[in-house]
A.B. asks: 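Here it is, the structure, as C-alpha cells.
Numbers for residues simply follow the sequence, beginning at 1. Below, each value reflects all heavy atoms present in this structure, side chains not excepted, and no hydrogens, waters or symmetry copies. When a ligand or atom number is given, it counts from 1 through the structure's own listing order.
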Amino acid sequence: MSSSPVLPQGAGYGVVVGIGLFFSVFMLALTAIQSRYTGFSPKNSEEFNSASRSVKPGLIASGIVSAWTWAATLLQSSAVAYEYGISGPWWYGAGATVQILLFAQLAAKLKLNAPHAHTWLEIVYARWGKTAHLVFMFFGLATNVIVSSMLILGGSATVSSLTGMNTLAACFLIPVGVAIYVVVGGMRATLLCDYTHTSVLFAIIFVFVFTVYATSAKIGSFAAMHALLARAAEAAPVAGNAHGSYLTMRSKNGLIFGVINVIGNFATVFQDQAYWQRAIASRPATCVKAYLLGGLAWFAIPFMFATTLGLSAVALRGDPDMMTLTAADVSAGLPASAAAAALLGKSGAAALLIVLFLAVTSATSAELIAVSALLTYDVYKRYVNPQATETQILRVSHAMVSPRRSVCVFAIVMGILGLIFYYIGISMGWLYDFMGVVLGAAVVPIACCITWRKANRRGCIAGALAGFCAGVVAWLVSTATLNGGLINATTTFGNYEMLAGNLASIGTGGVIAVAASLVWPEDFDFAATRAINAPAAQSLADAAKEKEGAGRTSDEYADEKKRGASEESTEPVNSTEAAVEEEERELDPGALRSAFRLAAWSSVALTLVMLIIVPLPLFFAQTVYGVGGLAAWVVVGMVWTFCSAISVVLYPLYESRAALALISKGILKDIFMRGSGKFVHQAPTTHDA
Ligand SMILES: NC(N)=O
C-alpha cells in the first residue's frame, strides 16, 4: 500500500504557482479586452468592486457556484462519504445548497431596500449605527478568516499529500498567487475567471464519474461498486448506519453531520460579503433567478464528486494502489485524492490537484475581494476617510489584495492563519464543523436586519453576542462532559460536541433576536438604507449623460424610466453609464417585491424538499440499497450534474451572445483595420448596444 506522493514536488509548485500566474495573465487579457471593446473601465471603483451591478444571471450563478465551491466542497464531502456512506454526500450537498436558495430572498431585499449599497455592513450601519456595525463586522470578518483558513488548509494538505510539496510554502503561495490575479482584474474579470474555473470543474467531475462507474478496471460499474461497498461494510461495519452499511440513508452520524452542516453554512453564506457581492453585482431584475440557479447547480458538485470519489475510497480499501487512510488523513480531507490516485495513477492525481486548485483559487479570490470591500467601505471610508474620492477608494481596494503594494494584508494573513492552524493540529474538517459554533449566532439577527422592519436593534445585537457565548460554552462543556474533562483538538471534534455548540449558537441568537423584536418592535421604513450611496449613483448617471453630450430632456428620461421599469431590457449593457441607467430602470419596487415573493416560496419549497421530504423518509425507512437502488441514486446525480453544467457553463455563453459578438467585432476590426475596434459610446437613444 502506497502512501508516498504520487506526483513529483515540482508538480505541486507548478500547479500552485502556475495556476496563479496563468490566471494573472488571463485576467490581464480579460481586463484589456474589457477596457478596449466595452465601456466598462476597471479603473472605476464601482466597476472594480461591483461590476457596475450589471452582470446577467447565468454568469452570476456561475460565480456563486465558483465562490461556494471550496476545498471542503470536494474534500470534506468525500470524507463524509468515506465515513458515513451515501448519506454523507446528500447531507453535504443539500445542507449547503439551501442557504444559497434562501439567500435569494436576502438578495431580493437588498435590491429593494438598499440597491446602492456596496457591502451588507453598510446596511447594518445605516439602520442601527456604529455599535451594531462593529459587532456584525466582527462576525463578517471572522467568517472570511475561517473560510479562508479552510481553503488554505484543504489546499495545502492535498498538495503536500499528492506531491510532497512543503506545507509552509503551500500555505503562502496559494493566497499570494491568487492575490496577484485578483488585483489586476476586479469583480467582472473575477466572475469571468470563475466561469472558466466552473467549466473545467464540471469537465473533470465528469471524467471521474465516468471512470468510476463505467470504465475503471478497479470498479467500472454500479454492480462492482455495490459489491465492494458491501464487502467493506462486512469487514468494518459503519457505526450508527442500518446494518453497518454504506448503502443506506439511515445513518445517525450522517444526520448529525447534516444538522451541523446546515447551521455552519447559514453563517458562511449570510455573513460572507462574497455572496452579498454577487447579489450587488447582479442586475436587479434577474438577481433572484441567479441565486436559485446557482444554488441548484452547485448541489451537483459535492453530491456527485463525493458519491464518486468518497465512495471509491471505501471501495478500494485494501487495493495495492490505495493509500491507507488514518483518522487524521480523513479529517484533512484526503480520501478523494487517495481514490483519484488509486484509480487513475498520476493522471488522476494531477486531475484532482487541478480541480482542487481551481476551487481553491476561485473561492480564495472571492474571499480576497470580499475582505477588500469590507476594509474599503466599512473601515477606510467609514472610519478613516469618510470623504474618500473614487481614486482613493480604488487605491485602497487594490492595496488590500495586492502583494505588489505595501499592504497585501489579507493574502498574507491567510497564509499565516493556515500555518498556525496547521501547526496546532487543526484540520479543515475540524474548522468546517466548528464554523457554526462561533458564526451561527449572527445568522438570524442579520437576516432580520435586512428583511424585517420590526427587527429590534438591541435584541439583534444581544442575540448575536449571547449566541456566540452560548455556542462556545455549550461546545466546551459538552466536550468536557463527554470526554472525562479532556479538552483538546480531538475531543472537541466529536459529533455531539460540535452539534451542541452549533445548535446553542444559532438557537440562542435566533430566539433572543426574534423574541426581542416581537416584544419591542421597531417600525423601520428602510428609507435610510435605500439612501445609501444613492446620490453618488445618481451623479454617476448624470456625469455619464453629460459625458455623452446628448442628454435627453428630463421628461424623455422619466418616460423611458417608466417604460423600462415594467419590462426586462433585452439590450446588452456595455458601459458603466448604461449599466447605471439600466439599474435605475430595473429598480421598480413592484417588480422587486414580486421577485422577493418568488424567492420566498421557491426557496422555502426547495429547502423542504432537500432537507425534509427526500432525506427523512429515507432515513426512517432504514433501507439498504441493492444494485438497482445505487444505480438510480447515481443516475439522478449524473442527470443533475448535466443540467447544472448546462446552466452555469452553456447558459452564460447564450445570454452574453450580444456582448461576445460586440467584442468579436471589435477584435476583428482591430485585426483588419488597425486601431478601429475600440468601443465608442453610442448616441443615447437606445440603452447602449
Ligand atoms: N461551500 C461549502 N460549504 O462547501
A.B. asks: Could you list the atoms of ligand 1 found under 4.0 angstrom from a heavy atom of Tyr92?
C.D. replies: 2 (C), 3 (N), 4 (O)
A.B. asks: Between the side chain of Ser505 and the main-chain N/O of Val437, is any donor-acceptor distance below 3.5 Å?
C.D. replies: yes
A.B. asks: Would you check the N or O atoms of Trp68, main chain and side chain alike, for any that come under 3.5 Å of an N or O of ligand 1?
C.D. replies: yes
A.B. asks: Under 30°, 30 to 60°, or over 60°: which ring-plane class applies to Trp298 and Trp68, parallel, tilted or perpendicular?
C.D. replies: tilted
A.B. asks: Which of the atoms of ligand 1 are close to Tyr432, meaning less than 4.0 Å from one of its heavy atoms?
C.D. replies: 3 (N)
A.B. asks: Should the pair Trp90 and Trp633 be assigned to parallel (<30°), tilted (30 to 60°) or perpendicular (>60°) ring geometry?
C.D. replies: tilted
A.B. asks: Would you say Thr69 has any N or O atom under 3.5 Å from an N or O of ligand 1, going by distance alone?
C.D. replies: no
A.B. asks: Using a strict 4.0 Å cut-off to heavy atoms of Trp298, name the atoms of ligand 1 that fall inside it.
C.D. replies: 1 (N), 2 (C), 4 (O)
A.B. asks: Please state which protein non-hydrogen atom is closest to atom 3 (N) of ligand 1 and give its distance, to 0.1 Å?
C.D. replies: Asn265 OD1, 2.8 Å
A.B. asks: Under a 4.5 Å cut-off applied to non-hydrogen side-chain atoms, are Leu110 and Leu106 in contact?
C.D. replies: no
A.B. asks: Going by side chain to side chain contact (heavy atoms under 4.5 Å, CB included), Glu497 matches just one of Leu476, Thr491, Thr479, Asp433. Which one?
C.D. replies: Thr479
